[in-house]
Amino acid sequence: MTTPDTHQAIRPRRNRKSSAIRTLCRETRLSCDSLIYPVFVHESPHDEEIDSMPGCKRWSPDGLLREVSEAHSLGIGAIVLFPAIEEKLKSTSAAESYNEDGLIPKIIRAIKNETPDITVITDVALDPYNSDGHDGLVGDNGKILNDETVEILCKQATCHARAGADIVSPSDMMDGRVGAIREALDEDGWNDTSILSYTAKYASAYYGPFRNALGSAPKAGDKKTYQMDPANAREALREASLDIDEGADMIMVKPAGPYLDVLALVASHVDVPVAAYQVSGEYLMIESAAAAGWINREDVIRESLTGIHRAGATAVLTYYAKEVAGWLHANKD
Ligand code: PBG
């Protein structure tokens, strides 16, 4: 047994002895400034609950305008738009993805009209528009066609920029798409439109609830020939240097929670901002455990987002963005 008079000069607990001191010593703070709110929209007058993502909605265009304006008043500075496209508009060529009168360009224009100061980020990938459910075009042999897809992604990105998107965000993982999109945007006069590239996007089972929300699951095969192998971390650095060389303004790691090591590695190697995406499966695991009464919902949400920031994320995409903004607004700690 240690004698009671053992001298213990260094006592880390002193920095934890009161809430005020803990606050003072805190290295990472949750703030609305770094939260990005992903939202779903569909061409329907009704806001619909999403079965696979309880608490999230597929918004009608009007419902989304209200939601975005509320989120903005709570301090959220940026949203990402995801469309649920009607089956009849999907095709193997995904041509709806660059229709100037399509759902996304229309909603961008409406948001820019209603809440002009919010940063609008759009997802650039073919899966919501592709009858095959893949992020790229599918060739005869079931292969995902890289260069043919990139051409369409360029049209899609330009179409979003014309409608007023501030940032386009390619989530498709085709090779060379960042450079091609940068060139296409610049040629069309959009050298001010930013690119947030999904750089280290893993072939993850955590996307399941999202695909259900958009009805965008692949009809055949999986996404493993383009999304990254979950076993690899160093490969993320290779993707990062390519994307940055090709002109990405910001890059992303996705999912976030199960890939904190990748996030920390990437963040320590690059000189551009690094976003992380707390994806639908991460959301759903927290929601289901909380609904069962097994965890404290708010504490786990705060801790999960703090962990993602601590690992090195400059910004975090989370379905909790608006709710957390409400908590931070009310100054609840
Ligand atoms: C597809 C896309 C996906 C997500 C964002 N963009 C799904 C996929 O790659 O299959 C997932 C987001 C989430 O799970 O919350 N371009």
Side-chain angles (χ1 to χ4, degrees), residues 35-41 50-58 79-85 90 94 96-98 104 121-138 144 146 149-150 152-153 156-157 160 167-174 177-178 181 195-230 239 251-259 275-288 301 304-305 308 313 315-322:
L35 299 180
I36 301 175
Y37 187 27
V39 286
F40 302 105
V41 61
I50 300 175
D51 294 342
S52 60
M53 298 176 67
C56 290
K57 288 199 171 80
R58 256 182 308 266
I79 54 159
V80 190
L81 295 170
F82 291 106
I85 299 294
K90 298 185 183 182
E96 180 63 16
S97 63
Y98 52 90
I104 287 292
I121 307 175
T122 58
D123 194 70
V124 174
L126 306 187
D127 50 321
Y129 309 93
N130 185 341
S131 44
D132 295 308
H134 276 285
D135 293 22
L137 299 175
V138 183
I144 308 302
N146 194 89
T149 299
V150 170
I152 310 218
L153 297 173
Q156 186 183 18
H160 293 172
I167 303 179
V168 295
S169 194
S171 71
D172 55 287
M173 291 300 280
M174 297 301 120
R177 92 281 209 209
V178 172
I181 290 173
I195 300 179
L196 162 58
S197 168
Y198 285 67
T199 288
K201 178 172 179 180
Y202 287 88
S204 172
Y206 287 83
Y207 308 149
F210 172 100
R211 292 180 189 167
N212 189 294
L214 293 191
S216 64
K219 297 284 178 328
D222 52 41
K223 300 193 175 185
K224 292 180 181 163
T225 66
Y226 46 108
Q227 298 181 345
M228 280 179 60
D229 186 332
E239 288 284 0
I251 62 175
M252 193 195 300
V253 172
K254 175 187 176 186
Y259 294 85
Y277 197 147
Q278 182 180 52
V279 300
S280 56
E282 298 175 75
Y283 172 87
L284 188 63
M285 289 198 309
I286 296 176
E287 286 310 296
S288 26
I301 294 171
S304 66
L305 294 172
I308 297 167
V316 179
L317 292 84
T318 172
Y319 300 103
Y320 292 120
K322 184 180 170 220

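Atoms within each ligand, like the ligands themselves, are counted from 1 in listed order. Along the sequence shown, residues are numbered consecutively beginning with 1.
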Original post:
What orientation do Phe40 and Phe82 show, parallel under 30°, tilted 30 to 60°, or perpendicular over 60°?
Top reply: tilted

Original post:
At a non-hydrogen distance cut-off of under 4.0 Å, which region of Asp172 contacts ligand 1 (side chain, backbone, both, or neither)?
Top reply: neither

Subject >> Side chain, backbone, both or neither: the part of Val279 lying under 4.0 Å from ligand 1 by heavy atom >> reply: both

Original post:
Near Lys201, which atoms of ligand 1 are under 4.0 Å from a heavy atom of that residue?
Top reply: 1 (C), 2 (C), 3 (C), 6 (N), 8 (C), 9 (O), 16 (N)

Original post:
Nearest protein heavy-atom contact for atom 14 (O) of ligand 1: which residue, which atom, what distance?
Top reply: Ser280 OG, 2.7 Å

Subject >> side chain to side chain contact (heavy atoms under 4.5 Å, CB included), paired with Val80, selected from Ile167, Thr122, Leu196, Leu317 >> reply: Leu317

**OP:** Hey, could you give me the OG/CG distance between Ser97 and Leu153, rounded to the nearest 0.5 Å?
**Re:** 7.5 Å

Original post:
Which of the numbered atoms in ligand 1 are below 4.0 angstrom from a heavy atom of Tyr277?
Top reply: 12 (C), 15 (O)

Original post:
Counting distance only, does the side-chain N/O of Arg58 pair as donor-acceptor with the main-chain N or O of Ile50 below 3.5 Å?
Top reply: no

**OP:** Answer with yes or no whether Gln278 contacts ligand 1, where contact means a heavy atom under 4.0 Å from a ligand atom.
**Re:** no

Original post:
Applying a strict 4.0 Å limit to heavy atoms, is Phe82 in contact with ligand 1?
Top reply: yes

Original post:
Atom CD1 in Ile36, atom CD1 in Ile121: separation rounded to 0.5 Å?
Top reply: 4.0 Å

Original post:
Does a side chain donor of either Gln278 or Ser304 reach within less than 3.5 Å of an acceptor in the other side chain?
Top reply: yes

Original post:
Counting each atom of ligand 1 from 1 as listed, which ones have a heavy atom of Asp127 under 4.0 Å away?
Top reply: 1 (C), 2 (C), 16 (N)

Subject >> Option set Met53, Lys254, Met173, criterion heavy-atom distance to atom 5 (C) of ligand 1, minimum >> reply: Lys254

Original post:
With a cut-off of 4.0 Å, which atoms of ligand 1 are near a heavy atom of Lys223?
Top reply: 8 (C), 9 (O), 10 (O)

Original post:
Between Glu287 and Tyr320, does any side-chain donor sit less than 3.5 Å from a side-chain acceptor?
Top reply: yes

Subject >> Shortest protein contact, atom 10 (O) of ligand 1 (heavy atom only) >> reply: Arg211 NE, 2.5 Å

Original post:
Distance from Ser280 atom OG to Tyr319 atom OH, nearest 0.5 Å?
Top reply: 5.0 Å

**OP:** May I ask you to list the atoms of ligand 1 that are less than 4.0 angstrom from any heavy atom of Asp123?
**Re:** 6 (N), 16 (N)

Subject >> Residue Tyr319 vicinity, atoms of ligand 1 by number, heavy atom under 4.0 Å >> reply: 12 (C), 13 (C), 15 (O)

**OP:** Using a strict 4.0 Å cut-off to heavy atoms of Ala125, name the atoms of ligand 1 that fall inside it.
**Re:** 16 (N)

